[in-house]
Amino acid sequence: MKRHTQKAIPIIFTATLLLILLHIKDPDVVKASAQLTAFAYRKTVNIYSNPHYRHTGRTLKKLSGGQEISITPINKSWNRVNFLINGHYGYVHSNDILKDESTGSYHIYSLRKHTNIYNTPYPYGKKNTVFYSIRGSQSLTVVRMDRNWYKTVVTVKGKHDTGYVHHNDLNLAVTQKNNHYYASKSASNVYADAYSGVRSIIARIPRGHVLYGHSFSGNWNIVTINGRTGFIHNADFYKNNSFHRNFLIAFGDSVTRGSSADIDNGTTQYSWVHYLPSELGLSRVENYGVSGSAVAVRSDRKDSFQERESWINSHGKHPDTILVIVSINDFRHDVPLGSFDVRSRYTFFGGLRNFSEYLQRNNPKAKIIYMTPLTQNAVPTYSTYEKNGLGLSQDQYAAAIKRTASYYGLELIDMQHDRFVNTQMNPFDPAIKKQYYTDGLHMNKAGYFLLSKEIARRLLNN
């Protein structure tokens with residue numbers, strides 16, 4: 001008896017090893033999976049007694065199309081049903097079912113005048129499977145089940161229900177990014193809706209005309225024209241992507257630095273700079289704003305534009321774009337304007353010329369853009385429409401910026417005289433000052449967000 005047992009041990013071991021090797025080499029075997037929800041995806045689906053006899057095995061039960069069941073996958077082809085049928089577990093083939101292998105959530109828009117939400121992901125031929133519809137361009141949050149179907153939760157008459165929508169009926173939303181759109185046809189259409197079918201045209205835009213808006217879906221974009229929201233198609237308009245994937249450095253004073261700033265040289269919590277990557281599609285942005293910094297060298301500080309200009313190229317940095325809101329502190333702190341022809345580090349003209357030449361010399365391939373300071377209404381320091389201790393106006397400093405930019409061939413955005421800034425962000429309007437400013441010069445988060453959109457629009461316009 002002992003001899004038979006000894007002989008049996010190698011046989012059992014060999015058989016076990018063989019099974020393990022076969023299991024490893026079998027490409028159809030998958031690791032044990034958690035339970036999944038599945039739906040019968042044919043008019044009639046069989047549950048078999050054996051997972052290897054789809055056509056010859058005994059049928060334990062038949063499912064009708066769209067019927068929901070619980071399964072546990074055992075390999076790529078077969079799944080065990082998680083309920084007993086006459087005392088036995090059955091098996092269903094993967095080709096006969098749609099598995100709910102839900103992945104991340106998505107934001108979608110209807111592509112049709114009415115997009116149906118179904119009770120099951122097998123609605124074909126059943127009129128009673130539609131229990132909800134969304135209209136064209138209406139948004140919805142969904143979870144992807146497979147390449148064709150998404151599921152969502154909708155509220156109907158106060159009750160929450162899970163429904164299913166087909167990919168042919170929707171358009172995945174994209175991250176909203178502001179863009180400039182140029183009409184590419186002799187008459188590029190602006191539509192009232194983005195869904196398919198007969199679309200209502202609200203405007204025809206001549207070739208070359210510019211509209212400002214933001215992305216909506218893969219092919220559609222939202223614009224505002226004549227006070228109405230409209231939709232434009234990529235086939236009719238092309239985007240200005242001149243800043244896409246650029247590395248941008250923003251240089252300036254506390255208006256650039258922002259509110260609730262941290263203490264290093266590269267980041268800030270709330271600033272118009274913070275929002276530029278999403279507005280312009282930038283790949284990288286660094287904020288080199290310093291509170292109180294002036295263009296000219298001042299005896300009481302060591303952080304003028306000229307003294308920290310090397311930050312821009314530290315560690316071998318070569319930005320694609322250098323965006324400078326020229327400091328308002330020269331006006332606020334009575335820095336002499338000086339003469340354009342005198343290169344003093346201690347005057348506004350001289351300091352700005354020195355700084356401009358450094359930028360061009362060390363960044364010959366960069367796009368350099370100057371912006372004049374915004375209007376200010378901050379008490380007790382000088383406001384835009386007062387003269388400083390030297391009897392100079394903010395307009396005179398702005399004129400010096402314009403002359404310098406013109407001399408060196410730099411791009412210029414005149415924020416001081418910008419219509420949008422001086423109407424919708426006018427710090428002399430008490431309601432606007434309360435809504436967007438902390439003190440009439442520095443902004444709160446809402447103010448910086450609004451300013452970033454306007455700066456992005458002006459950059460794209462330039």
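Heavy-atom basis, side chains included; hydrogens, waters and symmetry copies ignored.
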Check your understanding: Taking the six-membered ring for Trp, are Phe428 and Tyr385 ring centroids under 6.0 Å apart?
Key -> yes
Point to revise | 4.5 Å side-chain heavy-atom contact, Asn388 and Tyr397 | key: yes
Point to revise | Gln394 and Arg332: side chain donor to acceptor below 3.5 Å | key: no
Review point. Does a side-chain heavy-atom distance below 4.5 Å link Glu411 with Lys367?
Key: yes
Point to revise | Close side-chain approach of Lys99 to Ser94, heavy-atom, < 4.5 Å | key: yes
Review point. Aromatic ring centroids of Tyr448 and Tyr436 under 6.0 Å?
Key: no
Check your understanding: Are Leu282 and Phe243 close enough that some pair of their side-chain heavy atoms sits under 4.5 Å apart?
Key -> yes
Review point. Do Tyr182 and Ser188 have side-chain atoms, one donor and one acceptor, less than 3.5 Å apart?
Key: no
Exercise for review: Taking all non-hydrogen atoms of both residues into account, name the closest pair between Lys433 and Asn377 and its distance.
Suggested key: NZ-O, 3.1 Å
Point to revise | Glu309 and Asn362: side chain donor to acceptor below 3.5 Å | key: no
Revision key, fill the gap. Hits for salt bridge (charged side-chain N to carboxylate O under 4.0 Å, His left out) against Asp429, two or more places apart or cross-chain, chain-then-number order -> none
Practice item. Taking atom NZ of Lys387 as the centre, report whether more than 12 heavy atoms of other residues, nucleotides or ligands fall under 6.0 Å from it. Key: no
Practice item. Answer yes or no: is there an ion pair linking Lys317 with Glu286, defined by an N-O contact shorter than 4.0 Å? Key: yes
Review point. With a 4.5 Å limit on heavy-atom distance, are the side chains of Leu36 and Pro73 in contact?
Key: yes
Point to revise | Within 45° cone of Phe251 ring axis and under 6.0 Å: Arg308 NZ or CZ | key: yes
Check your understanding: Any chance the side chains of Thr372 and Asp414 put a donor and an acceptor closer than 3.5 Å?
Key -> yes
Check your understanding: Any chance the side chains of Asn313 and Tyr358 put a donor and an acceptor closer than 3.5 Å?
Key -> yes
Point to revise | Heavy-atom neighbours of Arg228 CZ exceed 12 at 6.0 Å | key: no
Check your understanding: Closest approach of Arg144 and Tyr150, non-hydrogen atoms and distance?
Key -> NH1-OH, 2.8 Å
Point to revise | Closest non-hydrogen atom pair between Asn287 and Arg257, with its separation | key: O-NH1, 3.3 Å
Review point. In terms of side-chain heavy atoms, does Asn189 have a donor or acceptor partner in Tyr191 at a distance below 3.5 Å?
Key: yes
Check your understanding: For the ring pair Phe355 and Phe305, is the centre-to-centre distance below 6.0 Å?
Key -> yes
Exercise for review: Compare all side-chain heavy atoms of Leu280 with those of Leu459 and state whether any distance is below 4.5 angstrom.
Suggested key: yes
Check your understanding: With a 3.5 Å cut-off and no angle check, do the side chains of Ser293 and Asp253 form a donor-acceptor pair?
Key -> no
Exercise for review: May I ask you to check whether His274 and Ser452 show a side-chain donor-acceptor distance below 3.5 Å?
Suggested key: no
Practice item. Would you confirm whether the ring centroid of Tyr122 sits within less than 6.0 angstrom of the ring centroid of Phe39? Key: no
Check your understanding: Do Ser254 and His442 have side-chain heavy atoms sitting under 4.5 Å apart?
Key -> yes
Practice item. Would you check if Val153 and Asp161 make a side-chain contact, meaning some heavy-atom pair closer than 4.5 Å? Key: no
Check your understanding: So, Tyr41 versus Asp96: side-chain donor-acceptor pair below 3.5 Å or not?
Key -> no
Point to revise | Criterion side-chain contact (heavy atoms from CB on, under 4.5 Å) against Leu374, the qualifying member of Ile328, Leu441, Leu451 | key: Leu451
For residues 339-352, run the donor-acceptor check on the side chains, cut-off 3.5 Å, and write out each pair with its distance to 0.1 Å, sequence neighbours left out.
unit_1 : atom_1 : unit_2 : atom_2 : d
Ser339 : OG     : Asp341 : N      : 3.3
Arg343 : NH1    : Glu357 : OE2    : 3.3
Arg343 : NH2    : Asn354 : OD1    : 3.3
Arg343 : NH2    : Glu357 : OE1    : 2.9
Arg343 : NH2    : Glu357 : OE2    : 2.9
Ser344 : OG     : Tyr346 : N      : 3.1
Thr347 : OG1    : Ser344 : O      : 3.4
Thr347 : OG1    : Gly350 : N      : 3.1

Review point. Any chance the side chains of Ser102 and Asp100 put a donor and an acceptor closer than 3.5 Å?
Key: yes
Review point. Side-chain donor-acceptor pair under 3.5 Å between Asn116 and His166, yes or no?
Key: no
